[in-house]
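The structure appears right after this line, and notes come after that.
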Amino acid sequence: MDTLAIISDIHGNIPALEAVLADIRSRKVQSIICLGDLAGKGPESSEAVDLIRETCDVVIQGNWDDFISDATDYSTLQWHQDQLGEERMAYLKSLPFHHDFWISGKRVRLFHASAKSVHHRVQPSHSEEERLAMFDNTDQTDNLFDGQTPNVVGYADIHSAYLQHPDFRTLFNVGSVGNPLDIPESSYVLMSGNYGETSPAPFSIEFVRVAYDIEESIRRAREVEMPELQPYIHELRTAVYRGQQG
């Protein structure tokens, strides 16, 4: 049986990312997949991009990865752009929209926010119709499954982990490594099964929470005089959204 680690929404929080990667290394994990939003919000975007490129086998694009290189008059975004530099921003802009694969007879699709766009946000409380649309094939998705739709979809973006089974399918959110908005601990997912196999076999999804040094993350943000510092501190300590775009 193979095990994949699925992480997302690092947002420049290196103490959180290092804690999660250490936990992953302690397990029998064959591959690490990142669902985007490497940069922004936190103080160490460049380090986060470099570490994700070094450790992850697949990286897909998040909403911050898409817009962070855009021309802007917004001083906070300009600050994060200065941390990244042109080459890293070009890398983020080039990331793929989604990742499809078979595992234990399951058709799995992973993307950042929805099948429509990296900017289209879907919450667990949204209508069943909108949640079922997460399984659609769209102009944004290739068709690895010979015209069929996925029956397992995993995504990120909302920084809050959950699992549901609308219409006998599996929809899950991995939560966030660097900016969780449900519990003030990093979140990621372990998916286990026979990777690449189209025949039914045992399959599991496990949610993992990892405590990290929140005060060290705050210290680093203060040290570099990061803009919008107080909303960031509030979110890390309380896991309650306070004003920055997710």
Side-chain angles (χ1 to χ4, degrees), residues 5-21 32-56 59-70 72 74 76-85 88-89 91-93 95 111-113 118-119 121 155-161 173-189 209-246:
I6 309 172
I7 67 176
S8 192
D9 292 272
I10 316 306
H11 285 299
N13 187 340
I14 291 298
L17 178 57
E18 289 177 338
V20 165
L21 292 176
I32 305 176
I33 301 171
C34 180
L35 305 190
D37 275 12
L38 286 60
K41 293 176 75 76
E44 296 179 280
S45 289
S46 60
E47 293 87 347
V49 171
D50 293 346
L51 191 50
I52 290 295
R53 291 173 82 169
E54 176 185 336
T55 57
C56 293
V59 184
I60 65 175
Q61 188 181 76
N63 55 309
W64 272 82
D65 307 320
D66 178 49
F67 71 65
I68 199 164
S69 61
D70 293 346
T72 181
Y74 182 33
T76 296
L77 192 56
Q78 290 174 344
W79 188 90
H80 289 292
Q81 290 174 340
D82 290 342
Q83 312 312 305
L84 286 167
R88 292 187 186 91
M89 287 193 291
Y91 165 75
L92 296 176
K93 200 73 168 180
L95 292 172
F111 42 63
H112 181 72
V118 295
H119 302 288
R121 186 156 292 161
Y155 74 112
D157 183 56
I158 62 172
H159 299 204
S160 183
N173 191 287
V174 301
S176 171
V177 168
N179 187 216
L181 296 176
D182 49 4
I183 299 171
E185 294 179 343
S186 297
S187 175
Y188 77 97
V189 158
R209 306 304 299 223
V210 180
Y212 73 96
D213 191 341
I214 291 173
E215 295 308 312
E216 172 61 15
S217 296
I218 291 170
R219 185 195 68 77
R220 295 185 187 193
R222 283 194 172 119
E223 185 176 57
V224 296
E225 299 181 348
M226 189 184 79
E228 299 193 28
L229 178 61
Q230 292 308 312
Y232 183 69
I233 292 173
H234 177 84
E235 289 181 12
L236 293 196
R237 286 176 173 167
T238 68
V240 176
Y241 176 73
R242 179 83 178 273
Q244 288 190 324
Q245 184 171 351

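Quick note: numbers below take in every heavy atom, side chains included, and nothing from hydrogens, waters or symmetry partners.
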Problem - Donor on one side chain, acceptor on other, His119 and Asn63, under 3.5 Å - result: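 Judged by distance alone, the side chains do not pair up.
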Where the side chain of [X] meets the backbone of [Y], is there a donor-acceptor pair that is under 3.5 Å apart?
X      : Y      : answer
His112 : Leu35  : yes
Asp182 : Ala161 : yes
Gln81  : Thr76  : no
Ser187 : Val174 : yes

Give the minimum heavy-atom separation between [X] and [Y], together with the two atoms involved.
X      : Y      : value
Pro180 : Gly178 : CD-C, 3.6 Å
Gln78  : Thr72  : NE2-O, 2.8 Å
Ala19  : Ala211 : CB-O, 4.1 Å
Cys34  : Cys56  : CB-SG, 3.9 Å

Apply salt bridge (charged side-chain N to carboxylate O under 4.0 Å, His left out) to [X] and list each qualifying residue two or more places apart in sequence or on a separate chain.
X      : result
Arg88  : Asp50
Glu223 : Arg219
Arg222 : none
Glu215 : Arg237

Problem - Test side chain to side chain contact (heavy atoms under 4.5 Å, CB included) applied to Ile32 and Leu21, step by step - result: CA-CA 9 Å; Ile32 305 176; Leu21 292 176; 4.1 Å; yes
For [X], which of [options] qualifies under side-chain contact (heavy atoms from CB on, under 4.5 Å)?
X     : options                    : value
Tyr91 : Leu84, Val59, Asp65        : Val59
Trp64 : Asp9, Val118, Leu92, Leu77 : Leu77
Ile7  : Val189, Leu17, Thr55       : Leu17

So, taking the atom named [atom1] in [X] and the one named [atom2] in [Y], what distance separates them when rounded to the nearest 0.5 Å?
X      : Y      : atom1 : atom2 : value
Ser217 : Glu44  : OG    : CD    : 8.0 Å
His159 : Asn179 : NE2   : CG    : 5.0 Å
Gln83  : Trp79  : CD    : CH2   : 4.0 Å
Asp82  : Ser45  : CG    : OG    : 11.0 Å
Ile33  : Ile60  : CD1   : CD1   : 8.5 Å
Ile10  : Glu47  : CD1   : CD    : 13.5 Å

With the side chain counted from C-beta on, respond yes when [X] and [Y] share a heavy-atom pair under 4.5 Å apart, and no when they do not.
X      : Y      : result
Glu185 : Val210 : no
Tyr212 : Val20  : no
Asn13  : Val177 : no

Practice task
Look at Lys93 together with Asp66 and state whether they make a salt bridge at an N to O cut-off of under 4.0 Å.
Solution key: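 Salt bridge: yes.
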Practice task
Could you tell me whether Lys41 and Glu228 have a side-chain N and a carboxylate O separated by less than 4.0 Å?
Solution key: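 Salt bridge flag = no for Glu228 with Lys41.
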Practice task
List in chain and number order the residues that pass side chain to side chain contact (heavy atoms under 4.5 Å, CB included) with Pro43, two or more places apart in sequence or in another chain; answer none if no residue qualifies.
Solution key: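 For Pro43, the residues satisfying side chain to side chain contact (heavy atoms under 4.5 Å, CB included) (neighbours in sequence not counted) are Arg220, Ala221, Val224, Met226, Tyr232.
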Handout entry: side chain to side chain contact (heavy atoms under 4.5 Å, CB included) involving Asn173 - partner list, sequence neighbours excluded
Key =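 For Asn173, the residues satisfying side chain to side chain contact (heavy atoms under 4.5 Å, CB included) (neighbours in sequence not counted) are Tyr155, Ile158, Tyr162.
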